[in-house]
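Below is one structure, written out as structure tokens, with a few remarks after it.
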Amino acid sequence: MSDIERNDFSFGEDYFSDNDINEIVERCKLILSGELQEDSIKYIDNSIEILLDHFRYEEVLEIVKDLISAHPFNYENYYRAGFCLFRMNEPALAYRSLSKAQSLNPNNTSILIEKAMVCIHMNRLKEASGYLRAAYEIDRNDPRTYFAYGIIYKRIKKYFKAIKFLRRAAKLDHEDSEVLYLLAHCYRDINNFGFAMDAIERYLELEPKCSDGWMFKGQILERLNRVERALNAFSTSIALDPLNLSALFSFVELNIGLRKYKIALDSLNSASIMHPGNYAIYFKIGEIWMLKQDYFTAAEFFSKTLASDRKFASAYIERAYCNLKTGEYQLALSDLHDGLIHSTRDGKGLWGSFGKWGFKLGDDDLEYISHFEEIIGIHPENLVTWLQLAEIKLDYKNPHHALIALKNALATKPLNGKTYFLLSRLAYRLGNNKQGLAYLRAAFRADGSLIDAFKKNNPIVYHSRIFQSLFGDLTEDK
């Protein structure tokens with residue numbers, strides 16, 4: 001009796017254990033080590049289908065490579081290799097393999113559509129459209145073609161066209177859950193939440209154990225103001241996948257909105273056990289304790305957040321407010337400083353240039369400095385040049401010369417907001433947070449446009465409790 005005849009697997013089964021799968025792989029390897037017969041090739045083909053159904057792409061790829069060595073002109077094996085490589089996040093290699101398959105069989109719609117999907121992944125949408133058009137000319141009723149077009153149109157945000165193609169795909173194949181999932185998202189993107197709900201419910205009938213599907217349903221129910229059903233959907237999503245943090249935070253935010261702080265905290269504390277060191281969980285716990293006005297406990301969790309991510313600006317900003325409320329004024333100013341720096345890339349957006357000279361510091365810096373000093377020698381009352389020179393000196397980490405330039409700027413035009421703004425930067429650079437705050441307030445008081453620029457460049461800080469506490473009297477009309 002041959003190995004094939006001794007096979008006790010039923011290829012009609014839907015479920016195979018890991019041991020079953022591993023045994024199938026080993027049998028394929030054994031068969032491939034010898035001379036291939038017709039019955040053995042059939043067994044391998046059936047085995048590949050099972051392995052693909054169980055997402056065992058690496059094992060399939062190894063089997064297919066051996067098949068290609070034995071039959072180098074079989075297009076199907078190149079197609080299988082491309083199929084697996086794409087799902088192993090190797091789009092360039094997948095493209096090459098699919099191109100080889102296409103050269104051997106240029107009119108195969110599966111190859112054309114799969115190649116189009118690879119091109120979509122690589123954002124080569126025009127090329128993808130060409131392959132889809134070719135597939136359409138061969139078979140105008142292949143739902144995969146319409147699905148791929150739906151992906152393209154959603155990618156370029158033409159949602160109504162995407163919906164048109166996806167509805168056609170769904171009509172041609174009622175069992176394709178991916179089509180319904182994407183269709184639900186397109187309806188969501190045009191704010192048609194009723195149709196989005198219909199599509200996601202049809203999807204969940206096909207994929208009842210999909211955690212992301214239940215999370216999406218919860219988000220749509222929340223938009224439809226069906227709060228209790230939304231909470232149940234989020235709970236189902238978390239139960240199906242306790243590691244789904246998006247579902248967790250959606251559940252938590254909804255409970256916070258309902259002021260069910262205990263439920264939200266219990267959920268986050270449970271999640272922190274499975275995700276130790278996750279800064280987002282600690283931060284959200286801190287926010288809830290702030291809402292409960294327990295600023296000591298909130299500050300403790302913001303500190304845990306920063307222990308996991310030292311550059312998380314929002315944690316500094318919120319801890320600054322906690323320190324302010326608990327009377328730790330110096331700590332509050334220190335956290336505000338760190339929040340200002342980390343709210344933009346190294347503070348670059350916060351301390352943006354006022355001039356229009358548009359150069360970067362480099363080997364020619366001394367030439368620029370000489371140029372500005374020459375202008376100042378001719379026109380010592382030129383305010384903009386003094387400010388430009390001060391900024392260069394600050395970037396050169398020469399605070400003493402920057403201070404001299406800013407003093408001359410103030411002598412040229414007293415109470416100038418931009419000068420105070422740079423003085424604030426200088427004070428923060430030198431670690432004088434109290435003086436930095438004073439100059440920043442003076443800058444905003446002298447020039448209201450600076451507040452508008454600050455709001456645009458630093459929304460995290462501007463809309464924070466600490467900023468409104470320290471600058472609220474200057475932003476009342478903003």
Side-chain angles (χ1 to χ4, degrees), residues 2-34 36 39-71 74-91 93-95 97-98 101 108-111 113-115 117-118 121 143-144 147-148 151 169 173-182 203-216 236-237 239-244 247:
S2 70
D3 286 331
I4 305 303
E5 291 171 326
R6 281 196 295 268
N7 172 34
D8 58 354
F9 295 112
S10 170
F11 284 103
E13 292 179 6
D14 292 328
Y15 173 76
F16 290 84
S17 68
D18 287 341
N19 288 335
D20 293 337
I21 294 294
N22 293 333
E23 189 173 343
I24 290 172
V25 172
E26 291 304 316
R27 287 190 181 186
C28 287
K29 289 180 180 179
L30 180 62
I31 293 169
L32 288 166
S33 65
L36 291 175
D39 60 344
S40 61
I41 291 175
K42 183 178 179 181
Y43 175 86
I44 289 175
D45 286 341
N46 288 334
S47 297
I48 287 174
E49 293 304 314
I50 293 171
L51 294 172
L52 290 176
D53 287 342
H54 288 76
F55 313 108
R56 301 291 283 265
Y57 302 121
E58 292 183 11
E59 287 92 337
V60 172
L61 185 60
E62 290 303 314
I63 293 170
V64 168
K65 284 180 179 178
D66 289 337
L67 289 173
I68 289 173
S69 298
H71 301 282
N74 185 326
Y75 78 90
E76 189 172 7
N77 290 322
Y78 290 102
Y79 168 74
R80 288 166 167 170
F83 185 92
C84 292
L85 285 165
F86 184 35
R87 283 147 188 81
M88 292 166 61
N89 200 28
E90 294 285 356
L93 294 177
Y95 183 88
S97 188
L98 291 167
N108 184 283
T109 56
S110 293
I111 296 171
I113 294 168
E114 187 68 14
K115 198 172 180 183
M117 296 295 281
V118 173
H121 179 81
R144 297 173 299 175
F147 175 56
I151 295 174
D173 185 355
H174 302 288
E175 301 300 314
D176 192 334
S177 59
E178 287 186 85
V179 173
L180 295 170
Y181 192 68
L182 190 62
Y203 168 82
L204 288 171
E205 288 176 5
L206 299 171
E207 304 288 349
K209 295 183 180 179
C210 177
S211 176
D212 285 340
W214 283 100
M215 179 187 70
F216 184 84
T236 302
S237 176
L240 288 167
D241 182 6
L243 299 180
N244 190 333

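Just so it is clear, the values below take in all heavy atoms, side chains as well, and ignore hydrogens, waters and symmetry mates.
Between F55 and Y57, the ring planes lie perpendicular to each other; the angle is over 60°, past the 30° to 60° tilted range.
With contacts defined as side-chain heavy-atom distances shorter than 4.5 Å, the pair D173/F147 does not qualify. Counting only heavy atoms from C-beta outward, the side chains of R27 and E23 approach each other to under 4.5 Å. Between V25 and E62, the closest side-chain pair of non-hydrogen atoms is not below 4.5 Å. Looking at N46 and K42, their side chains come closer than 4.5 Å, going by heavy atoms from C-beta outward. The side-chain heavy atoms of I31 and C28, taken from C-beta on, include no pair separated by under 4.5 Å. Inter-residue side-chain proximity for K65 and L61 is flagged as met; some heavy-atom pair is nearer than 4.5 Å. Residues Y78 and L98 are not in side-chain contact: their nearest non-hydrogen atoms beyond the backbone lie 4.5 Å or more apart. Proximity of D212 to Y181: side-chain heavy atoms (C-beta onward) are separated by under 4.5 Å at one or more points.
For L93, the side chain to side chain contact (heavy atoms under 4.5 Å, CB included) test picks out L85, E90, R96, with sequence neighbours left out.
Among all heavy-atom pairs drawn from L206 and H174, the shortest one is CD1-O, 3.7 Å. Heavy atoms only, all atoms of each residue included: N108 and I111 are closest at OD1-N, 3.0 Å. Contact record, A169 with P143: CB-O, 3.5 Å, taken as the closest heavy-atom pair. Closest heavy-atom contact between A81 and S97: CB-OG, 3.4 Å. Minimum heavy-atom separation, M117 to A148: SD-CB, 3.7 Å. The two residues E114 and Y79 have their closest heavy-atom pair at CB-CE1, 3.8 Å.
Applying the salt bridge (charged side-chain N to carboxylate O under 4.0 Å, His left out) definition to pairs two or more places apart or across chains, those involving residues 48-61 are R56-E59.
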### Query
Could you go step by step and tell me if I50 and S47 meet the side chain to side chain contact (heavy atoms under 4.5 Å, CB included) rule?
CA-CA 5 Å; I50 293 171; S47 297; 5.5 Å; no

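The backbone N or O of P208 sits less than 3.5 Å from a side-chain atom of W214, completing a donor-acceptor pair. Formation of a donor-acceptor pair under 3.5 Å by the S177 side chain with backbone atoms of Y203 is not found in this model. Side chain of S33 to main chain of L30: a donor-acceptor pair is present (N/O by atom type, distance under 3.5 Å, no hydrogens or angles).
Atom NE2 in H71 sits 12.0 Å away from atom CD in E76 (nearest 0.5 Å). Distance check, rounded to the nearest 0.5 Å: CD1 of I48 to CD1 of I24 gives 11.5 Å. Atom CG in D241 sits 4.5 Å away from atom OG in S211 (nearest 0.5 Å). Between I44 atom CD1 and L32 atom CG the span is 4.0 Å, to the nearest 0.5 Å. Between atom CD of residue E207 and atom CG of residue L180 there is a gap of 9.5 Å, rounded to the nearest 0.5 Å. Atoms NE2 and CD1, from H54 and I21 in turn, are 4.5 Å apart once rounded to the nearest 0.5 Å.
Using modelled atom types and a 3.5 Å distance limit, the side chains of S69 and D66 yield no donor-acceptor pair.
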